[in-house]
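These notes concern the structure reproduced below.
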Amino acid sequence: KAGVTQTPRYLIKTRGQQVTLSCSPISGHRSVSWYQQTPGQGLQFLFEYFSETQRNKGNFPGRFSGRQFSNSRSEMNVSTLELGDSALYLCASRDSNGYEQYFGPGTRLTVT
Amino acid sequence: QQQVKQSPQSLIVQKGGISIINCAYENTAFDYFPWYQQFPGKGPALLIAIRPDVSEKKEGRFTISFNKSAKQFSLHIMDSQPGDSATYFCAASINAGNNRKLIWGLGTSLAVNP
């Protein structure tokens with residue numbers, strides 16, 4: 001099976017703009033989680049989607065939103081970008097009964 | 001109570017030495033404890049995992065030691081190699097009402113000197 005894919009891999013945006021990141025999970029996986037990773041902060045959980053419904057949510061402001069489509073592909077949107085949003089954004093998928101999360105390579109977002 | 005505390009934050013080991021990373025948790029409802037390895041520019045990948053009914057699990061040079069009474073678990077990397085240089089994350093999984101959650105440690109940056 002193909003792994004988790006994320007597009008784009010790299011992105012440079014200006015403060016105040018918005019951005020949309022995309023994630024395609026492993027075929028058959030219905031759960032998609034998003035994480036923000038910055039140096040020294042580990043993996044900060046953003047949200048999880050399962051069958052098009054947000055199931056869990058981390059402690060991020062409302063500028064961060066997401067959605068999941070019927071084919072389990074997911075998008076994450078960040079509006080009104082701030083310099084502090086510069087990070088590696090990781091997507092992970094899991095099957096319904098599985099314990100393990102499988103990560104994509106991430107999207108490196110730089111906000112200038 | 002949902003936290004997983006990981007230490008040390010960074011670790012430098014000589015080639016051939018033993019790398020040890022520790023994690024501690026509070027919630028006894030956690031029922032699955034994975035370790036993930038992340039190389040620069042890549043997403044984390046599952047390395048090894050253990051359930052609380054087992055005290056030790058070994059896969060090649062990687063061993064998880066689990067102490068249920070102390071609520072601690074650790075990753076041991078035997079005969080550490082420069083290729084093991086990466087960031088390691090411990091995690092703990094809990095089933096919260098048919099909704100499985102994964103709680104992460106903050107990570108340990110391991111450097112193995114040749």
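Proteins come first, then strands; the chains are lettered A, B, ... in the order of their sequence lines, and each starts at number 1.
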Take atom [atom1] in [X]; do more than 12 heavy atoms of anything else shown fall under 6.0 Å from it?
{"X": "A/Arg15", "atom1": "CZ", "result": "no"}
{"X": "B/Gln9", "atom1": "CD", "result": "no"}
{"X": "B/Lys68", "atom1": "NZ", "result": "no"}
{"X": "A/Asn71", "atom1": "CG", "result": "yes"}

*asked:* To the nearest 0.5 Å, what is the distance between CZ on A/Phe103 and CD on B/Gln38?
replied: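 Reported value, rounded in 0.5 Å steps: 8.0 Å.
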*Would you give the length of the straight line joining atom CZ of B/Phe89 to atom CD of A/Gln37, rounded to the nearest 0.5 angstrom?*
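B/Phe89 CZ to A/Gln37 CD: 4.5 Å, rounded to 0.5 Å.
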*Side chain from CB out, backbone as N, CA, C, O: work out which of these in B/Gln6 comes under 4.5 Å of a heavy atom of chain A, or both, or neither.*
neither
*Heavy-atom proximity to chain A below 4.5 Å, by part of B/Pro44*: both
Tell me, side chain or backbone of [X] under 4.5 Å from chain B's heavy atoms, or both, or neither?
{"X": "A/Phe50", "result": "neither"}
{"X": "A/Glu48", "result": "side chain"}
{"X": "A/Leu43", "result": "both"}
{"X": "A/Arg108", "result": "neither"}

_For the student: nearest non-hydrogen atoms of A/Asn56 and B/Arg100, plus distance_ =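 Where A/Asn56 meets B/Arg100 most closely, the heavy atoms are ND2-O, 4.4 Å.
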*Where does the angle between the aromatic ring planes of A/Tyr99 and B/Tyr32 fall among parallel (under 30°), tilted (30 to 60°) and perpendicular (over 60°)?*
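Plane angle between 30° and 60°, so tilted.
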Between [X] and [Y], is there shared hydrophobic-cluster membership here, with clusters defined by ILVMFWY side-chain heavy atoms closer than 4.5 Å?
{"X": "B/Val4", "Y": "B/Ile64", "value": "yes"}
{"X": "B/Ile48", "Y": "B/Ile21", "value": "yes"}
{"X": "A/Phe45", "Y": "B/Leu46", "value": "yes"}

